[in-house]
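Report on one structure; see the data block that follows.
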Protein chains: 2
Amino acid sequence: MKRIPLTATVIIAEAADLADETGFDDVTLSAIALRLSVQTPSLYSHVRDRAALLDGITALALSELADRVAVAIAGRAGRLALRGFAEAHRVYSLESPGRWQSLQRRAGTAAVESSAARCFVALTDALLLGYDLPPGERVHATRLIGSTINGFLALERIGSFDHSEPPPEVSWRTTLDALDALLRAWPTDTEKIHR
Amino acid sequence: MKRIPLTATVIIAEAADLADETGFDDVTLSAIALRLSVQTPSLYSHVRDRAALLDGITALALSELADRVAVAIAGRAGRLALRGFAEAHRVYSLESPGRWQSLQRRAGTAAVESSAARCFVALTDALLLGYDLPPGERVHATRLIGSTINGFLALERIGSFDHSEPPPEVSWRTTLDALDALLRAWPTDTEKIHR
DNA sequence: GGACTTTACCTAATGTGTGTAGACTGGCGT
DNA sequence: ACGCCAGTCTACACACATTAGGTAAAGTCC
């Protein structure tokens, strides 16, 4: 019985797989140890504690998602880039629900300061190049896009759309079209005169 | 030492308060028992198990939020109704983070089938009356609004906006204006011809 | 008003999970 | 060959969820 030597990377990868299978909240050191045919305390040589392990999953997910987004928007602009960006998120959230869930929480500094996080900012910025927005509005557009995409996927995941027709896919497409239309005709400041 | 008799309602209310103070994930039966000056197992006479307790918090939060939304959009239409609706959500999420968090998860049937849930659907529907959308598009608009609002609040809560200027409030206002503009000029089907 | 039931709490005990301390081992450099 | 040391183990302490069964007081029936 040959044993692959334990490393933080192996443990975190196993944890991420477990998260995808049973849900992020159910990731437990004992379960991971069992899957790696190891006693639970052995894990503590490589991982500080459970919080650090979960942060590891977050960092992993962030970097995986950034990779996917990068290839999804490469060579595209405008609506196509937006669709690629959004679709990459959605596919990831459906394929790897546990990993995706690990992103929906306040992350530890390790994850926040990772290179993947910085990469992500750059990618979202690149996405907006295809739409010409006043520089001061870029942040708001970024935040809006993030809110809508993440919000949609979150609601889809928790089943908010299960009790009405039609299936989420249809609304998803509509939502992306709406976002594109919005970015194309970004409301100018004059409109804010209303109160 | 007179003791207020334990009931499911009291326990759930205490749990909700605890959730607001220490975070939804940290709601523990022992902590609640301590706060109520009672032994942990005593709670089981009134609450089936932890899952049921959390569902109770969700149902409570749903009904509280529905109440707030109701007064926030009463007598308003269009942009003002949208703002009221959104603002009610935001205030709730900031005032009662734990309760709000309890809504960001797949809920048990008890919460889903509660009258508050049905009330909520009616309220959102009422909100859209002020914008005249083709009937088939109403669902999509509902889902889009929900996605964006919930998504924004979720990102704000986990600190996604902490690393860039300006403060979230500004983007929040912009986001609501954008949503309003979008609903006012809902993209017609012809626009979907692109691919 | 006494016997009984019900209610609402208790104590005791089990199982699972996190995390620490210290013993054991097998490969490595010298 | 010898000791070092990284990495694993066993043993343990503690927290929480949950079950079982006991007890005492309040309410109900005759």
Side-chain angles (χ1 to χ4, degrees), chain A residues 1-60 98 101-102 105-111, chain B residues 1-60 98 101-102 105-111:
Chain A
M1 157 141 159
K2 58 186 113 179
R3 232 179 345 221
I4 298 163
L6 238 42
T7 64
T9 313
V10 172
I11 295 175
I12 290 173
E14 195 68 38
D17 289 348
L18 181 62
D20 286 339
E21 287 167 33
T22 69
F24 182 72
D25 292 336
D26 292 350
V27 168
T28 163
L29 285 165
S30 340
I32 296 166
L34 194 63
R35 284 164 70 117
L36 292 173
S37 309
V38 143
Q39 297 299 316
T40 311
S42 305
L43 301 177
Y44 284 86
S45 307
H46 308 278
V47 159
R48 189 158 32 77
D49 57 10
R50 187 164 180 266
L53 175 71
L54 299 186
D55 272 3
I57 301 182
T58 301
L60 173 65
Q101 214 181 334
S102 79
R105 50 193 268 286
R106 176 161 250 124
T109 55
Chain B
M1 160 142 155
K2 56 187 114 180
R3 226 167 5 205
I4 298 163
L6 236 43
T7 63
T9 312
V10 172
I11 295 174
I12 290 172
E14 195 68 39
D17 289 348
L18 181 62
D20 286 339
E21 288 167 32
T22 69
F24 182 73
D25 292 336
D26 291 352
V27 169
T28 164
L29 284 167
S30 339
I32 297 166
L34 194 64
R35 286 164 69 115
L36 293 172
S37 309
V38 141
Q39 296 299 315
T40 311
S42 306
L43 301 177
Y44 284 87
S45 307
H46 308 277
V47 159
R48 189 160 31 78
D49 57 9
R50 186 164 181 267
L53 176 71
L54 300 186
D55 272 2
I57 301 181
T58 301
L60 173 65
Q101 213 182 335
S102 79
R105 51 191 268 286
R106 176 161 251 124
T109 55

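Lettering follows sequence order; numbering is per chain, from 1. From a predicted model like this one, the values you see are computed outputs, not experimental measurements.
- Whole-Å rounding puts the B:L36 CG to C:dA8 P distance at 15 Å.
- In terms of heavy-atom proximity, A:Q39 sits nearest to A:A33 at C-CB, 3.9 Å.
- Atom-to-atom distance recorded for A:L29:CG and A:L43:CG is 6.0 Å, nearest 0.5 angstrom.
- Atom CG of B:L60 sits about 8.0 Å away from atom CD1 of B:I57, to the nearest 0.5 Å.
- Considering CG of A:D25 and CZ of B:R105, their distance stands at 9.5 Å, rounded to 0.5 Å.
- Heavy atoms only, all atoms of each residue included: A:S102 and A:F24 are closest at CB-CE1, 3.3 Å.
- Atom CG of A:D17 sits about 12.0 Å away from atom CD1 of A:I12, to the nearest 0.5 Å.
- Per the geometry, CD belonging to B:Q39 stands 14 Å off C1' belonging to D:dC16, to the nearest Å.
- OP1 or OP2 of D:dC9 has at least one side-chain nitrogen or oxygen of A:S42 nearer than 4.0 Å.
- Straight-line distance from the CG atom of B:L43 to the P atom of D:dC16: 13 Å, rounded to whole Å.
- C:dA8 atom P lies 9 Å from atom CG of B:L6, rounded to whole Å.
- Taking a pair as Watson-Crick or G-U wobble with both distances under 3.5 Å, DNA chain C forms stems of 3 or more consecutive pairs at C:1-30 with D:1-30.
- Within residues 13-35 of chain B, the residues that place at least one heavy atom under 4.0 Å from DNA chain D are, in residue-number order, B:T28, B:L29, B:S30.
- If you take CD1 of A:I11 and C1' of D:dT8, they are 12 Å apart, rounded to a whole angstrom.
- Between B:L36 and B:E14, the shortest heavy-atom contact is CD2-OE1, 3.7 Å.
- Here A:D49 contributes atom CG and A:L53 contributes atom CG; the two are 9.0 Å apart, rounded to the nearest 0.5 Å.
- With values rounded to the nearest 0.5 angstrom, A:L18 atom CG is found 8.0 Å from A:T28 atom OG1.
- Across every non-hydrogen atom of B:D55 and B:A111, the tightest pair is O-CB, 4.3 Å.
- With hydrogens and angles ignored, the 3.5 Å screen pairs no side-chain donor or acceptor of A:R35 with any backbone N or O of A:A15.
- Atom pair B:Y44:OH and D:dT18:P shows a separation of 4 Å (rounding to whole Å applied).
- No engagement by A:T40 is indicated, since no non-hydrogen atom pair under 4.0 Å with the nucleic acid exists.
- Residues from residues 45-55 of chain A placing a heavy atom under 4.0 Å of any atom in DNA chain C, listed by number, are A:D49, A:R50.
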